[in-house]
Each structure stands twice: as structure tokens, then as C-alpha cells.
Number of protein chains: 2
Amino acid sequence: MTRERSIPEAALPRLALYLRVLGELTENGAERVSSDELASATGVNSAKLRKDLSYIGSNGTRGVGYEIAPLMHALEGTLGLTQNRSVALVGIGNLGHALVGYSGFAERGFRISALFDVDPDLVGIPIGGIVVEHTRRIPEVCPERGVTIGVVATPGQAAQGACDLLVDAGVRCILNFAPVVLQVPSEVDVRKVDLAVELQILSFHASQHGPGTLPRVVNR
Amino acid sequence: MTRERSIPEAALPRLALYLRVLGELTENGAERVSSDELASATGVNSAKLRKDLSYIGSNGTRGVGYEIAPLMHALEGTLGLTQNRSVALVGIGNLGHALVGYSGFAERGFRISALFDVDPDLVGIPIGGIVVEHTRRIPEVCPERGVTIGVVATPGQAAQGACDLLVDAGVRCILNFAPVVLQVPSEVDVRKVDLAVELQILSFHASQHGPGTLPRVVNR
DNA sequence: TGGTGTGAAGGCGTTCACAGCT
DNA sequence: AGCTGTGAACGCCTTCACACCA
């Protein structure tokens, strides 16, 4: 049994990517892939891909390729997706609504099982089949519903408070959409998605590209 | 004149972060910061922070710290934020709506100046003051409005088509929310935000943390 | 033969520690 | 005295190239 040793952080998003693309290949009827095929479908260098898969105690066949189904199971196991994870969402504004409606979560085994907001017009209303609770009830509701992941989609000034409540409720993993640096105890994992930062990075590249970056109709 | 040499890709998100936090400090009346102060406010190691700032031809004063205003200008210049960038958004579903309503863009100099969708019920309707155009009009409308950044928020199967139209329209920078690997010519920059991938990475960490990851009410 | 798995080399980014300026 | 700016060391990740096996 190949015993895998600590997977590099940098490999994790790629593992998730492989899993998704393998799912698409399966829908198209494929049962095997080579590292070259999967590499070009994912835009990853094939050597890197093989190394990534070797981290999870790889199951390819030399001279042949990878059997898709067992590979997907290995990936799901590694990513902890076998235990269906239940997610709490705090902040039901524009973005929160969008997240509730986002089918990608359910498709990949994440169930939004609690919604929170402070707006009295929202509390008590069901959205996507789940009744919005008041934010102050986080410490009570989250343990009841087995929440392991919290998503913060509040305005900036409310984010730290929401985060603190989630941590109190025993949530160890937080996805933060608010443009704020959350302070958490070291055992809590925070991932940040900052849309404006993404645009600023693109803006940097835009100003590098051609110094004359006036858009124009290009060769087609 | 300290001439900066190519900024590491890894530093860019941090530069954007420094800029935001410096803005907050300014609102609180501060005029100077030390690297230690800014480091703890951003959660970045102070040596790394100083090195990051040195990439942009740093403007600190030894023994004192950084003058906030000129530092912010330097950051804005580096990130290409002096030229107000105009953004096109393709796909006005849940997420698209949320993005239109997201104030963080405007606050940081990004103006959404074109909206596109294929839904006939949406085309012609103004959202946030901008009339939705049919997606097929991208190559015509984007150059007219000086769009330099395209945001793809369509369903997966429509994403590549939307992307192709944007590239045809001369857009060189694309932010992709669709769970799809976009194929683009090498001169085009794509950044990806995949919400499900973020959750999967958290899920991995959750399954590492304590093997017994049942949520419970913790010490407070 | 053909494609995986992997040591070894190389490159990039972070961290250290201190020289140098104010 | 204090804090910035930065060479140098370190470590992680990627890339290479080939041994190994079906």
C-alpha cells in the first residue's frame, strides 16, 4: 500500500480540478485517461499532474493510464468529500442569495443547511427551502445541524462578528467573501475570496501587457 | 530612482491587500505606518511586507516608517488603477446580479459598463442603470465602451463561447466564475474563481484537523 | 512499446539577519 | 535608537528525464 505523505497545499486546488474534469469525462462515456489527456483537459503540465496523483497513493497502470472511477474515489476520499458536508451561510444579501442559488455546491456534495442574517425582514423567511435564522442564533443552530463549514458573505463591518460566532459554534473552516482580514484562533482555517482583489490583479496585468492597452477590434 | 524589477505574481494579491488596509487606516486618521503595524493589520510577515513594498521602488523612511498617502499612490500606480478600468459582465444570473450590486468594485475604481446575457427577458432591461445587451453584441459594444476586463458569470456550457467573444472584442483580461477551464490565446490572462473548489479545499482541511470533526460547543 | 512513478535538478518565494539611513 | 531595505540561506514546488512495469 503506497502510503501518501502530506499533500502540498499548492496541489489541492488542482486535485479538485482533476476531480471535476474526470466527472465530465465520465459523462462523455470515458473510463480511462492518460496523464497527457487529463493534463491538456485541465491545462496542467502532465508531469505535475502525475506527481499530484502520486501524492494520493496513485492508482495508474503503466503503459495504459488511469481508470477513472477508482481515481475519482481516491480524490473524493482525499478531499474529505465522502462525508457530506453541511454549510452555514451568514449574510443573505446579493451575494448570499447568489450562493444559495448556486447549484455547484449541491452537485459536489455540499449542502447549505443553515442561513443567517440580522435583517428582521429576512429572518423567518425561507430561501431555497431553508428558513433564515437570526445571526445571534449561530451558536445554537450550527451544532444542531452538524455544520462544519461557514461562509461569511456579510458586509465588511459585520464579518468579524459573524466569524466569531461561527468559531464559538465549533466551526473550524471558514470561507470569507467580506473584504476584511478575519482574526481567528490558529486551529481555524480561513480561505478568502476577494472579488476586487481579483480585478486588481487583472488590472495589473492589463497595464503590463501592451502599454497602449486601448481596446481595439483585433484580428479574427 | 529605484527601478523595480518584475513583481512576483505571488506578491500581487498582497499588494492589493495593503492598498485596502492603508485606505482603512487613512479613514481612521493615520498618516504613517511602520511595517510591523501594517504587517499585523494584514496578517502578513513584516519582512515579507517590506520586500513586497521594495518591489515597487519603496518609499519608506528608515527609523520612521511609511508615509501612507504616497505609498497608496505607488500601489495604485503599480496595480494600474490610475486608469479607471471599465468592466463587461457576461451572464446576469444570480451571481451576475450580485456582482452588479457589489459596491466593492466601484469603490476601487472599477466601473461595470456593459452587461450581456442571452435571455430575451433580460435583454433591453436596465440593471443597476445599465441596459443588458445580447451576448452576441459583445464584439461591437465592448470596444465602444473601452472595456478592458471581462467577467464571465455564465453557466458552464456557455462560458467558452462568451470568452471567445470577449477575446474577439479585444479584451485581454478575463475573470472566470464558470466551473470550466477556458481556452484562450497566450496573450490573454484568465483568473479563475471557483467557489466549489474553495469549499473542497476547506473540506480537505476539515478532514485533516481532528479526525473526530463533529462540531461541538467549544470553550468560551 | 507506451505511459506511469519518481529521484534529482532547478526556480521561485519566504524568511532571516543585519547593514545602512534618519 | 529605530525601522527600512536587501543580500543570502532556506524550503517548497515545479520541471526534467528516465527507470520501471504492463
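Reckoned from all heavy atoms, side chains included, excluding hydrogens, waters and symmetry mates. None of the values given here were measured: they were computed from a predicted structure.
In this entry the distance linking CD of Glu67(A) with P of dA22(D) reads 15 Å, nearest Å. As rounded to whole Å, 14 Å separates atom P of dT4(C) from atom CG of Asp52(A). In this structure, CG of Asn59(A) is placed 12 Å from C1' of dT4(C), rounded to the nearest angstrom. The nearest whole Å value for the distance from the OH atom in Tyr55(A) to the P atom in dT14(D) is 7 Å. In this structure, Leu49(A) atom CG and dG5(C) atom C1' are separated by 12 Å, rounded to whole Å.
With sequence neighbours excluded, the residues that form a salt bridge (charged side-chain N to carboxylate O under 4.0 Å, His left out) with Arg14(A) are Asp52(A). Scored by the salt bridge (charged side-chain N to carboxylate O under 4.0 Å, His left out) test, Glu37(B) finds no partners at all (sequence neighbours excluded). Looking at residues two or more places apart in sequence or on another chain, you find a ring-ring contact (aromatic ring centres under 6.0 Å, His included) between Phe105(B) and Tyr102(B).
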Classify every nucleotide of nucleotides 15-22 of chain C by which part a protein heavy atom approaches to under 4.0 Å, writing B for the base, S for the sugar-phosphate alone and - for neither, in 5'-to-3' order.
BBB-BBBS

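Side-chain contact annotation: Arg50(B) with Ser35(B), donor-acceptor N/O pair under 3.5 Å present. If you check the side chains of Gln200(B) and His205(B), you find no donor sitting under 3.5 Å from an acceptor. Looking at Ser86(B) and Arg111(B), their side chains never bring a donor and an acceptor atom within 3.5 Å of each other. No donor-acceptor contact under 3.5 angstrom links the side chains of Ser113(A) and Arg145(A), judged on distance only.
At most 12 non-hydrogen atoms from other residues, nucleotides or ligands lie less than 6.0 angstrom from CD of Glu31(B).
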Checking side chain to side chain contact (heavy atoms under 4.5 Å, CB included) for the pair Tyr66(A)/Asn59(A): CA distance, chi angles, key distance, verdict?
CA-CA 7 Å; Tyr66(A) 298 88; Asn59(A) 265 325; 5.8 Å; no

Stepwise side chain to side chain donor-acceptor pair (under 3.5 Å) test for Asn28(A) and Glu24(A)
CA-CA 6 Å; Asn28(A) 297 347; Glu24(A) 290 165 9; over 6 Å; no

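With hydrogens and angles ignored, the 3.5 Å screen pairs a side-chain donor or acceptor of Ser203(A) with a backbone N or O of Leu79(B).
For DNA chain C, the residues of residues 9-35 of chain A within the heavy-atom distance limit of 4.0 Å (strictly under) are Ser34(A), Ser35(A), sorted by number.
End-to-end axis angle of the helix from dT1(C)-dA22(D) to dT22(C)-dA1(D), from C1' rotation axes over five pairs per end: 0° (rounded to 10 degrees).
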